[in-house]
Amino acid sequence: MEDNKIQLEKLRQKAQKCTNCILCQTRNKVVFSDGCETAPVMFIGEAPGQNEDNTGIPFIGRAGQLFRKYLFETGYGNNDFYIANTVKCRPPKNRKPAPKEKESCRHFLDEQIKLINPKIIVLVGSCALESFIKDKKLTITKARGKIFEIDNKKFIPIFHPSYLLRYHSILEGSPRYYFKKDLEMIKEMVT
Ligand code: URA
């Protein structure tokens, strides 16, 4: 195995045993990642939901299936992306992860970013946006599709797929329209 894969596997094993925050008390499975360790694009979502907690795989529930459908439709293959979340364990009742929980899980995410070393980090939804771009006035609607350069890394926020579940239109200006447009732009940037 290549070095970064070995390191990621060690990190995954460490995360499986993590008891750094209270989410460990209610989780079923630690949801570490999915996708390719050498991918040019890394997606960072919010937190595992019920389906993710049951399977240990991120973005596998209803929002995740829609997300993966869009990825497939915009030409992303299995080697093109890696997926993780701001926290590795499901917050009870799908509440937003608390700042303390995000902080205690952050070292796992930072290490994943370091080892994957993606060309683009995609911040999926406002929770991921707030974790990386420290601007309280910046909403996901304003930030989506823009490129933020921090410490020589490119970050691009996009809508969260759970938002798309509420809006079905694909017409120009709709959330689904922008979601697809942003995924296409990101794909173009790494091709
Ligand atoms: N929503 C997220 O943000 N992440 C998941 O893994 C599933 C749903």
Side-chain angles (χ1 to χ4, degrees), residues 8 11-12 15-16 18 20-24 26-37 39 41-74 76 78 80-113 116 118 120-133 138-141 143-145 148 155-168 175-176 178-180 182-183 186:
L8 280 161
L11 195 65
R12 179 194 291 275
Q16 302 302 329
C18 179
N20 284 351
C21 82
I22 56 161
L23 297 184
C24 72
T26 46
R27 76 170 175 234
N28 244 312
K29 288 203 169 157
V30 171
V31 181
F32 186 74
S33 70
D34 190 32
C36 175
E37 292 94 343
V41 181
M42 176 168 174
F43 292 100
I44 301 176
E46 180 174 314
Q50 186 172 17
N51 292 287
E52 290 77 18
D53 179 61
N54 284 335
T55 57
I57 303 167
F59 283 107
I60 201 91
R62 226 156 66 84
Q65 283 169 34
L66 185 64
F67 185 22
R68 288 169 189 271
K69 177 171 111 60
Y70 271 94
L71 284 174
F72 180 70
E73 280 177 12
T74 43
Y76 288 76
N78 288 339
D80 296 329
F81 62 89
Y82 180 90
I83 311 180
N85 281 305
T86 66
V87 293
K88 308 274 176 268
C89 300
R90 182 192 182 201
K93 296 184 186 156
N94 293 350
R95 63 162 169 76
K96 275 195 180 301
K100 244 166 92 180
E101 292 155 2
K102 284 165 83 175
E103 269 164 43
S104 62
C105 209
R106 181 60 184 258
H107 67 106
F108 285 120
L109 189 56
D110 285 340
E111 194 65 16
Q112 282 173 297
I113 294 172
I116 302 292
I120 298 176
I121 297 168
V122 185
L123 304 171
V124 185
S126 55
C127 177
L129 171 67
E130 287 159 17
S131 298
F132 287 87
I133 317 257
L138 196 65
T139 60
I140 190 71
T141 306
R144 60 132 287 277
F148 296 83
F155 293 84
I156 304 181
I158 63 171
F159 285 136
H160 194 282
S162 64
Y163 180 56
L164 309 186
L165 288 172
R166 289 185 272 144
Y167 298 95
H168 294 264
R176 288 185 186 225
Y178 285 124
F179 192 72
K180 186 159 187 239
D182 294 343
L183 287 182
I186 293 158

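Only a predicted model underlies this, so the values are computations on that prediction, with no experimental measurement involved. In listed order, ligands and their atoms are each counted from 1.
Heavy-atom contacts of Pro58 reach the following atoms of ligand 1: 6 (O) (cutoff under 4.0 Å). The atoms of ligand 1 that sit less than 4.0 Å from any heavy atom of Gly45 are 3 (O). Using a 4.0 Å cut-off to heavy atoms of Glu46, the atoms of ligand 1 that qualify are 2 (C), 3 (O).
At a threshold of 4.0 Å, the pair Glu101-Arg95 counts as salt-bridged, since one of the basic side-chain nitrogens sits closer than that to a carboxylate oxygen.
In this pair, Phe43 and Phe67 present their aromatic rings perpendicular. The plane angle is above 60°, beyond the 30 to 60° band.
Of the possible polar contacts, one joining the Glu52 side chain to the Gly49 backbone as a donor-acceptor pair under 3.5 Å is found. At distances below 3.5 Å, at least one donor-acceptor pair connects side-chain atoms of Lys102 with backbone N or O atoms of Cys127. Using modelled atom types, no side-chain atom of Arg144 and backbone atom of Pro175 make a donor-acceptor pair closer than 3.5 Å.
Scanning the protein heavy atoms around atom 4 (N) of ligand 1, the nearest turns out to be Asn85 OD1, 2.8 Å. When hydrogens are left out, the protein atom nearest atom 5 (C) of ligand 1 is Ala47 O, 3.4 Å; that is the closest non-hydrogen contact.
Residue Phe59 has at least one N or O atom closer than 3.5 Å to an N or O atom of ligand 1. Of the polar atoms of Glu52, none of the N or O atoms is found under 3.5 Å from an N or O of ligand 1, judged by distance alone.
Looking at every heavy atom in both residues, Leu183 comes nearest to Tyr76 through O-OH, 2.6 Å.
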